[in-house]
Structure formats: structure tokens, C-alpha cells
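Notes follow the structure.
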Amino acid sequence: MIDAFLHPVSEFVTAGVEAGFAVRGMGEWRADGDERPRLLTIRFDMEPHAAGS
């Protein structure tokens with residue numbers, strides 16, 4: 001069994017933005033019949049002004 005930890009999406013996005021990244025895209029994957037997503041993807045890129053920091 002694998003431990004799972006539930007975190008609000010905002011925690012991941014906020015951590016990335018505070019580290020100098022910008023959200024470029026998000027996606028969700030659900031199996032047929034699932035009410036909630038099983039997998040969330042967040043694509044981050046470095047902000048141009050943060051690249052030299």
C-alpha cells in the first residue's frame with residue numbers, strides 16, 4: 001500500500017509561484033465513472049525575470 005496525502009491544488013501552485021515559477025497549464029485525468037480526478041498535472045516554467053535570481 002502506498003501512503004497518499006491530500007493537498008489543495010492551491011498549495012502546489014502557490015509553492016511554485018513563490019519559487020519564481022509561472023503556471024503554464026494544468027490537466028486532470030479521471031477514469032470512467034470517477035467523480036474526482038485521479039491525477040493532476042501542473043506545468044510550470046520559470047518567469048523570465050526570475051531566471052537570473
Side-chain angles (χ1 to χ4, degrees):
M1 185 169 288
I2 299 172
D3 288 333
F5 303 95
L6 298 176
H7 297 276
V9 173
S10 60
E11 284 185 24
F12 295 105
V13 173
T14 299
V17 170
E18 287 177 352
F21 292 91
V23 175
R24 298 296 182 215
M26 294 178 66
E28 297 174 334
W29 177 82
R30 289 177 172 83
D32 290 338
D34 280 353
E35 192 174 310
R36 296 184 181 155
R38 291 189 182 201
L39 179 66
L40 170 71
T41 60
I42 305 171
R43 181 176 166 223
F44 288 100
D45 285 333
M46 284 296 282
E47 288 279 16
H49 69 273
S53 318

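Since the structure is predicted, the reported quantities are computational estimates derived from the model, not experimental observations. As a basis for the values below, the full set of heavy atoms in this structure was taken, side chains included, without hydrogen atoms, waters or symmetry mates.
- Shown here for Arg24 and Met46, the closest heavy-atom pair between the two residues is NH2-O, 4.4 Å.
- Summarising the geometry of Glu35 relative to Arg30, their closest heavy-atom pair is O-NE, 3.5 Å, with the distance given to 0.1 Å.
- Of all non-hydrogen atoms in Phe44 and Val17, the two that sit nearest each other are CE2-N, 4.4 Å.
- Considering Val9, Leu40, Asp34 as possible partners of Glu28, the one that fulfils the side-chain contact (heavy atoms from CB on, under 4.5 Å) test is Leu40.
- Applying the side-chain hydrogen bond (donor to acceptor under 3.5 Å, both in side chains) test to residues at least two apart or on different chains, the pairs with a partner in residues 1-15 are His7-Glu11.
- Distance CE/Met26 to CZ/Phe12: 10.5 Å, rounded to 0.5 Å.
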